Asker: 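Quick one: the structure is below, questions incoming.
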Amino acid sequence: MTQKGDKAFSLAVHTAGLFVLVLLGTIIVLLFIGGLPAFRAFGPGFLVSSAWNPVTGSFGALVSVYGTVVSSVLALLMAVPLAFGVAFFLTELAPSWLRRPVGTAIELLAAVPSIIYGMWGFFVLAPAVSATVKPWLVSTLGHLPGIAGAFRAAPGDSSIFIASLVLAIMITPFIAATMRDVFLTVPVIFKESAYGLGCTPWEVMRRIVLPYTQASVVGGIMLGLGRALGETMAVTFVIGNTNRISTSIFAPGNTIASLVALEFPEAESGSLQLSSLLALGFILFVISFVVLAISRALLAQRVRA
Amino acid sequence: MTPSLSHAATLLRGAAVSAVLAAAVGTPAHAQAITGAGSTFAAPIYGAWADASKAATRITLNYQGNGSGAGQKMVTQRTVDFGGSDAPMAHDKLAAAKLLQFPAVMGAVDIAVNVPGVADGRLRLDGPTIADIYLGTITAWNDPAIVKLNPGVKLPGLAIAPVYRADGSGTTYVFTSYLSKVSPDFKSKVGADKAVSWPAGTGAKGTAGVAGAVKNTLGGIGYVESAYATPENHLATTQLRDHDGAFVRPSLASFAAAAAHADWAGAKDFAVDLNDQPGANAWPIVSATFVLVPTNPADPAKGAAVIKFFDWAFSNGDATAKSLQYVALPASVKTQVRAAWNSLAK
């Protein structure tokens, strides 16, 4: 009886475990098959073509891949220092009565639905940034040789910059929570010893905590990047949804996830447009997969060490 | 696509003909459930008609507003009893899929602007000028082309920020069809579709997104379903130059005038182009939303129920349509649609 029960249970959990693999594999394969007509029609040129014209039936991935990567990387550049500050404050500096409320606030921020961030970004943040931060950046960084083009003024509130800003706010809680958790895994005796030698909190962070948690910290950042790459609603609201590449971060752009979400419902079945959208989905899957694989590898390193 | 607010009541009194048809399609005694899918634009009115007609027709409708493309696909595969589509389907596709196409209701597209110092309804534009704005060749509000259309209006030297629908949409199809009709340049460079490759401007999601972006952006211009340009939404709309050269304000009367002048009888499958119609006071950007029904329904009782539902709507649904800001079909068009149904019943 017991043995039978054991067998049944083992079968059930094996099925559950394998089901996830099968599910993932099926999604990838179906996306690829769906995108095959587009890959066939445009060949490798699909990746480097900046066209997206449903009227003439000419499609390419370059603009949305560019927008996806640039907005996510910019978001990381803004989110990582902020998240690090939060985690540093929470683990080393904050008085114990403050740790709980701030920690809870971080977790609540992570639970805000992305559409709320999108609407807030569109109605509040974008007009405010256009009136304040943008002119300031244009008049300062916009004059630096070499990078002036990236800060050239462009009309309108929607831009890759605003999208990155909203993304940064969205992924900060994830990165901060991961960092806080791994900072707490540092054995107290290491930190106490350093403090005993007269180290400042910053020196403890720099020489003890960060080296000890390096890989996990990078893993957490990668998880944030993964989320930024796939974010749809919030980005759609504020990025401007144009199929053009501009060197300026204040110009509108497009991302894979938002383009697919916007055009999928009205794309006719069997059309090259639908196939191109599925092909974009496949490309996004590959990009996300690479990012997650790197993060997994780094986290695994940490576990072994 | 477009519903319309406004009030002009006079439009439609086509109820009389309906009795004939009710006889033609028969009246099943028991309750009948039908399914439909497609046009999101038409979903609110189909839902309202379904609620209002239930008692009289004993038909329950389950309509899924999942987009015109999906509606065409699902009715072609016979997954649903009828499909809703904002853009008419091509004649050969209809024939191949054995579908009958007829219009259900109409709507218009308004042009919304945000130009400081210019009051709501004051600005005058014409199709070629709007086309040039969306092509990126007219970039400032004090461009000579706009000044010429607006004698006596003080226009600021502000950059124009065109806003378009980023999501695939019947409204974009109607708007780009209009611009392609009046501007050869637009037709060759952009063309008409539910989503196009815009050379200028930024995209916003949904009608609400376009309206919000226009309101947010000084110098903004956008196109919205006329139902959306209500006083409560504080959108400033423009006059447009009609086919005859006069300037027209958006109103239920001017939308109806456009529909009345169109050559419905001459159009195959009712796929009539309502844009830029000749005739007095005809708003130039108007369109119908279409219903697709199988000519060989797998279940004839359901096929008949679909026709019965729309017959009820044509006879009794105009007030509901108006309250939801749609423009009902002219009586003459309803008669023609009913004639098409009769050919179906045989």
Side-chain angles (χ1 to χ4, degrees), chain A residues 50-60 63 115 118-119 121-128 130-131 153-160 162 232-244 246 251-255 258-271 273-274 277, chain B residues 38-40 65-74 76-77 85-87 89 93 136 139 158-173 176 180 187-206 208-209 212-213 215-220:
Chain A
S50 63
W52 191 271
N53 192 333
V55 182
T56 59
S58 147
F59 301 98
V63 177
I115 181 111
M119 291 169 77
F122 180 70
F123 287 110
V124 181
L125 190 68
S130 286
D157 287 346
S158 306
S159 64
I160 288 191
I162 294 284
T232 308
M233 278 319 293
V235 170
T236 301
F237 267 88
V238 293
I239 200 164
N241 307 297
T242 59
N243 194 62
R244 297 189 291 275
S246 167
N254 216 343
T255 70
S258 73
L259 181 65
V260 172
L262 287 168
E263 294 201 357
F264 194 80
E266 289 286 342
E268 269 163 54
S269 60
S271 66
Q273 184 187 8
L274 188 66
L277 289 169
Chain B
S39 163
T40 42
N66 52 2
S68 300
Q72 294 183 4
K73 182 178 158 192
M74 287 172 81
T76 300
Q77 297 171 340
S85 177
D86 293 340
M89 236 168 130
K93 279 191 179 173
T139 55
L158 187 69
I160 303 179
V163 183
Y164 52 82
R165 283 283 289 272
D167 46 334
S169 124
T171 312
T172 299
Y173 174 79
T176 51
S180 295
K187 189 176 183 178
S188 65
K189 285 182 186 152
V190 180
D193 210 331
K194 283 175 284 194
V196 298
S197 181
W198 298 97
T202 58
K205 182 175 159 48
K215 271 192 281 185
N216 269 0
T217 315
L218 279 185

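Residue numbers start from 1 in every chain, and the chains themselves are labelled A, B, ... in the order their sequence lines are given, proteins ahead of strands. All figures in this text were calculated on a predicted structure; none of them were measured in a lab.
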Asker: Please report the interatomic distance OH(B/Tyr164) to CG(A/Asn241), rounded to the nearest 0.5 Å.
Answerer: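 Rounded to the nearest 0.5 Å, the OH-CG separation comes to 7.0 Å.
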
Asker: Which atoms form the tightest heavy-atom contact between A/Trp52 and B/Ser197, and what is the distance?
Answerer: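 That closest heavy-atom pairing would be O-CB, 3.4 Å.
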
Asker: Grab the two heavy atoms, one from A/Thr242 and one from B/Gly201, that are nearest each other, plus how far apart they are.
Answerer: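 What the structure gives for the nearest pair is CG2-O, 2.9 Å.
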
Asker: Restricting to side-chain contact (heavy atoms from CB on, under 4.5 Å), what partner residues turn up for B/Asp193, sequence neighbours left out?
Answerer: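 In terms of side-chain contact (heavy atoms from CB on, under 4.5 Å), with neighbours along the sequence ignored, B/Asp193 is linked to A/Pro54, A/Val55, B/Val196.
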
Asker: Pick from B/Ala161, B/Gly168, B/Ala204: which one has the most heavy-atom pairs with chain A under 4.5 Å?
Answerer: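 Going by pairs under 4.5 Å, I would pick B/Gly168.
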
Asker: Under a 4.5 Å heavy-atom cut-off, does chain A meet the side chain of B/Val163, its backbone, both or neither?
Answerer: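 For B/Val163, neither part sits under 4.5 Å from chain A.
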
Asker: Output the option from B/Thr176, B/Thr217, B/Asn216 having the highest count of non-hydrogen pairs under 4.5 Å with chain A.
Answerer: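 Of the options given, most contacts go to B/Asn216.
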
Asker: Is chain B contacted by the side chain of A/Phe237, its backbone, both, or neither, given a heavy-atom distance below 4.5 Å?
Answerer: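 Looking at A/Phe237, nothing touches chain B.
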
Asker: Atom NZ of residue position B/Lys215 - does it have more than 12 heavy atoms of other residues, nucleotides or ligands inside 6.0 Å?
Answerer: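 Atom NZ in B/Lys215 is crowded, with more than 12 foreign heavy atoms closer than 6.0 Å.
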
Asker: Dump the intermediate steps for side chain to side chain contact (heavy atoms under 4.5 Å, CB included) on A/Leu262 and B/Lys205, then the final yes or no.
Answerer: CA-CA 7 Å; A/Leu262 287 168; B/Lys205 182 175 159 48; 3.7 Å; yes

Asker: List in chain and number order the residues that pass side chain to side chain donor-acceptor pair (under 3.5 Å) with B/Ser85, two or more places apart in sequence or in another chain; answer none if no residue qualifies.
Answerer: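 Expected list: B/Gln72.
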
Asker: Heavy-atom pairs under 4.5 Å with chain A are the metric here; pick the option from B/Asn66, B/Asp167, B/Leu218 that has the most.
Answerer: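 Among the listed options, the one with the most contacts to chain A is B/Asp167.
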
Asker: For B/Ala195 and A/Glu263, work out which heavy atoms get closest and say how close.
Answerer: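 In this case the closest contact between B/Ala195 and A/Glu263 is CB-OE2, 3.7 Å.
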
Asker: Rounded to the nearest 0.5 Å, how far apart are OG1 of B/Thr202 and CD1 of A/Ile239?
Answerer: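 It comes to 11.5 Å.
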
Asker: Go through the atoms of B/Ala192 and report whether side chain, backbone, both or neither lie under 4.5 Å from a heavy atom of chain A.
Answerer: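 Backbone of B/Ala192 only, per the 4.5 Å heavy-atom cut-off to chain A.
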
Asker: If you count heavy-atom pairs under 4.5 Å between each of B/Ala70, B/Gly220, B/Gly212, B/Gly71 and chain A, which one has the most?
Answerer: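 Winner by heavy-atom pair count: B/Gly212.
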
